[in-house]
Novice: 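Dumping the structure here so I can ask a few things about it.
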Amino acid sequence: MINTRFSKLITLVRYVNDKGFFHLLSANFLIQVVAFASQLFVAGILSPEDIGRIKIIQIFLSVFSIIAGLGFNASTLKLCSENRTKIEEQRIFRSAVIFTISSTLILYVIVLILNAFNIFSADKLIKWLIPIGMFPLISNSVFMVFISYFQATKKIKLMSRLTMGNKIISIGAIILLTYWLGIKGYYFAYNLSFILMVFVSFRMLRRDLSTQITGFNLKSLFPVHWQYARSSMFANLLAELSAYIDILLINYLITDRPSIGQYSFALTLTVALRIIPATVQQIATPYFSGHSHSKVDFLKVFRKYNKLLYLVVFGTLIPALFIVPPAISFIFAGKYDAAMPYFMILATGWSIRQLTQLQSGAIFGLGKIKFNAYTALFSLAFNVIIYPVFIYFWGIKGAAFANIPSALFILVVSYLYFRKALKE
């Protein structure tokens with residue numbers, strides 16, 4: 001019995017290795033390890049208050065990036081995963097880049113206007129940082145279209161090398177400029193990294209982009225994209241609001257900036273627990289689309305990757321709960337000890353949330369993107385109720401506690417819609 005299970009595990013490992021999983025995982029892992037180390041370095045330089053400011057701006061950037069991009073990266077991933085000709089893929093990709101540049105430029109101007117009226121925060125430094133902190137609305141959104149194209153055409157190794165090389169350079173810039181200029185230097189380097197990524201992406205595809213394509217009509221391509229981009233944009237927007245409603249609420253409800261900084265640092269630490277689950281979804285999603293017309297093949301792919309997902313989620317959470325608190329206390333000499341109670345709770349909640357990765361990816365692959373939007377909508381409605389209540393009674397720690405019932409609710413709702421998508 002044990003030998004049979006071990007044999008199945010070896011078969012699974014070989015299967016995902018053939019699909020480029022370990023190549024992408026090693027790239028993601030190296031990027032995240034270096035990025036995580038740089039975050040720790042930045043946290044050692046900056047005050048907890050500045051760490052809180054960075055997290056708040058990052059959340060605003062995440063939310064507005066989804067609106068600015070209008071979901072064209074998702075439509076590119078879906079459409080280019082459907083075994084199309086090279087010319088069709090190029091039409092889809094080029095139009096997505098043009099649509100994304102146009103929409104992000106417009107929203108960036110709107111953000112600058114809103115910031116002038118103190119809409120985002122009463123904190124003067126946050127207001128000063130918003131123009132440079134939100135510029136990746138444009139650069140990162142365009143870069144994500146490139147990544148979606150590489151992912152859809154299964155150029156996993158190319159995507160890994162591109163992301164890894166540029167990310168390491170950008171992290172080096174973040175460390176140096178933060179050391180010299182503080183939080184302002186952090187954002188100068190942050191912008192430099194995304195601009196560099198977009199430049200290199202264009203260089204990698206310069207031959208394809210220089211090819212003349214007949215029948216390239218933006219007006220006719222917009223509805224082709226929009227049928228998937230619309231649902232994906234709303235799903236991602238609602239999911240992002242649902243996931244980070246804690247930071248958005250404590251930004252307005254809590255005035256204790258040092259405590260917000262400790263909470264934000266704890267939330268940053270949970271990023272390490274999302275590396276492998278995100279890699280599993282990146283690899284699996286194009287194959288879901290490719291097998292969407294065969295239920296047997298589709299379920300076979302889903303079950304293989306879902307076993308791997310559960311294995312890595314719990315295999316990383318348990319060691320993290322024992323290792324991270326003493327390690328952080330040692331590295332920072334107690335500076336972030338107050339963040340560790342938050343981390344223990346947030347790590348558990350975010351790990352549970354990662355179990356939905358394959359369900360949402362499978363729903364996407366089946367073309368039922370609206371179900372992901374419904375899942376996110378119900379989750380946001382649930383969170384809008386429980387987070388203010390928990391924060392009212394238990395303050396910032398209440399926001400951390402609310403993360404666990406929120407994650408369980410999302411997991412259940414996502415599973416129900418996954419079953420519904422299979423039936424349809």
Side-chain angles (χ1 to χ4, degrees), residues 35 52-77 93-121 123 125-149 151 162-163 166-167 170-171 173-174 177 183-202 222 225-226 228-245 247-248 251 264 268 271 376:
R53 290 184 179 102
I54 288 174
K55 181 56 69 175
I56 289 168
I57 294 173
Q58 282 178 343
I59 301 306
F60 280 125
L61 176 62
S62 297
V63 171
F64 280 103
S65 290
I66 294 168
I67 301 172
L70 292 178
F72 291 119
N73 64 314
S75 61
T76 300
L77 175 57
F93 169 66
R94 292 186 187 194
S95 59
V97 171
I98 294 170
F99 293 147
T100 300
I101 292 174
S102 302
S103 61
T104 53
L105 279 170
I106 292 170
L107 189 60
Y108 181 68
V109 173
I110 294 173
V111 166
L112 295 183
I113 294 171
L114 292 175
N115 186 52
F117 291 95
N118 298 322
I119 298 298
F120 301 112
S121 177
D123 187 279
L125 185 52
I126 289 179
K127 182 180 178 181
W128 189 93
L129 290 169
I130 284 288
I132 55 174
M134 299 293 278
F135 186 78
L137 276 178
I138 303 168
S139 52
N140 186 43
S141 297
V142 173
F143 179 66
M144 292 312 297
V145 175
F146 277 93
I147 290 298
S148 293
Y149 178 72
Q151 185 181 353
L162 174 66
T163 308
N166 287 278
K167 196 67 175 178
S170 70
I171 289 168
I174 285 174
L177 291 182
I183 191 171
K184 295 176 183 178
Y186 174 91
Y187 277 107
F188 288 138
Y190 193 63
N191 277 285
L192 177 65
S193 68
F194 285 118
I195 293 170
L196 181 61
M197 287 181 188
V198 172
F199 174 76
V200 174
S201 296
F202 271 108
F222 184 82
H225 274 285
W226 194 236
Y228 295 114
R230 177 182 54 210
S231 298
S232 181
M233 179 190 68
F234 284 115
N236 289 334
L237 176 61
L238 293 170
E240 201 74 10
L241 288 171
S242 175
Y244 294 111
I245 193 171
I247 289 290
L248 294 174
N251 178 45
S264 299
T268 298
V271 171

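What's counted below: heavy atoms across the whole structure, side chains too, no hydrogens, waters or symmetry copies.
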Novice: Which value, rounded to the nearest 0.5 Å, describes the distance between Phe64 atom CZ and Ile59 atom CD1?
Specialist: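 It comes to 12.5 Å.
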Novice: Could you tell me which non-hydrogen atom of Met233 sits nearest to which non-hydrogen atom of Gly71, and how far apart they are?
Specialist: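 Nearest heavy atoms, Met233 then Gly71: CB-N, 4.0 Å.
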Novice: I need the minimum non-hydrogen distance between Val198 and Ser139, along with the two atoms involved.
Specialist: CG2-O, 3.2 Å
Novice: Are Thr76 and His225 packed together at the side-chain level, in the sense that at least one heavy-atom pair is separated by less than 4.5 angstrom?
Specialist: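 A side-chain contact exists here, since the closest heavy-atom pair is under 4.5 Å.
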Novice: Determine whether Thr100 and Leu70 make a side-chain contact, defined as any pair of heavy atoms from C-beta on separated by less than 4.5 Å.
Specialist: no
Novice: State which residue, out of Leu114, Val111, Ile119, fulfils the side chain to side chain contact (heavy atoms under 4.5 Å, CB included) condition with Ile130.
Specialist: Val111
Novice: Locate the shortest heavy-atom distance separating Lys127 from Asn115; write the atom from each residue and the value.
Specialist: O-ND2, 2.9 Å
Novice: Excluding sequence neighbours, so at least two apart, what forms side chain to side chain contact (heavy atoms under 4.5 Å, CB included) with Ser121?
Specialist: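 Testing Ser121 for side chain to side chain contact (heavy atoms under 4.5 Å, CB included), a comparison that skips the adjacent residues, returns Asp123, Ile126, Asn251, Arg257.
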Novice: How long is the straight-line distance from OG1 of Thr104 back to CG of Leu107, given to the nearest 0.5 Å?
Specialist: 8.5 Å
Novice: Can you tell me if Phe120 has over 12 outside heavy atoms packed within less than 6.0 Å of its CZ?
Specialist: yes
Novice: Could you tell me whether the side chain of Phe146 reaches within less than 4.5 Å of the side chain of Met197, counting heavy atoms only?
Specialist: no
Novice: Run the ring pair (Phe, Tyr, Trp, His ring centres under 6.0 Å) test against Phe135 and tell me which residues pass, sequence neighbours left out.
Specialist: Tyr108
Novice: Just jot down the side chain to side chain contact (heavy atoms under 4.5 Å, CB included) partners of Ser231, sequence neighbours excluded, or say none.
Specialist: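 Listed in chain order: Ile369, Lys370.
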Novice: Search all heavy atoms of Ala376 against all heavy atoms of Ser242 and return the closest pair with its distance.
Specialist: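 That closest heavy-atom pairing would be O-CB, 4.4 Å.
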Novice: How many angstroms lie between atom CG of Leu177 and atom CZ of Phe188, to the nearest 0.5 angstrom?
Specialist: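 Nearest 0.5 Å value for the CG-CZ distance: 8.5 Å.
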Novice: Calculate, to the nearest 0.5 Å, the distance between atoms CG and CZ belonging to Leu125 and Arg53 respectively.
Specialist: 5.0 Å
Novice: For Ser65 versus Ser141, what's the shortest heavy-atom pair and its separation?
Specialist: O-OG, 3.9 Å
Novice: Start with the C-alpha gap between Val97 and Tyr149, add the side-chain angles, then the distance that decides, and say whether side-chain contact (heavy atoms from CB on, under 4.5 Å) holds.
Specialist: CA-CA 10 Å; Val97 171; Tyr149 178 72; over 6 Å; no
Novice: What about the rings of Phe222 and Phe99, do their centers lie closer together than 6.0 Å?
Specialist: yes
Novice: Working to the nearest 0.5 angstrom, can you tell me the gap between Leu61 CG and Ile54 CD1?
Specialist: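 Between Leu61 CG and Ile54 CD1, I get 12.5 Å after rounding to 0.5 Å.
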Novice: Over 60° means perpendicular and under 30° means parallel, so classify the ring planes of Phe194 and Tyr190, tilted if in between.
Specialist: perpendicular
Novice: Could you grab the distance from atom CG of Leu137 to atom CD1 of Ile106, nearest 0.5 Å is fine?
Specialist: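 Spacing of CG (Leu137) from CD1 (Ile106) equals 12.5 Å.
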Novice: Any donor and acceptor pair, going by atom type alone, linking the side chain of Ser232 with main-chain N or O of Tyr228 inside 3.5 Å?
Specialist: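 No, because the side chain of Ser232 does not come within donor-acceptor range (under 3.5 Å) of the backbone of Tyr228.
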Novice: Using the ring of each side chain (for Trp, its six-membered ring), is Trp226 parallel, tilted or perpendicular to Phe72, with breaks at 30° and 60°?
Specialist: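 Tilted: the ring planes of Trp226 and Phe72 meet at 30° to 60°.
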Novice: Are any non-hydrogen side-chain atoms of Leu77 and Asn73 less than 4.5 angstrom apart?
Specialist: no
Novice: Might you point out which heavy atoms bring Ile132 and Pro136 nearest each other, and give the distance in Å?
Specialist: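 The answer is O-CD, 3.7 Å.
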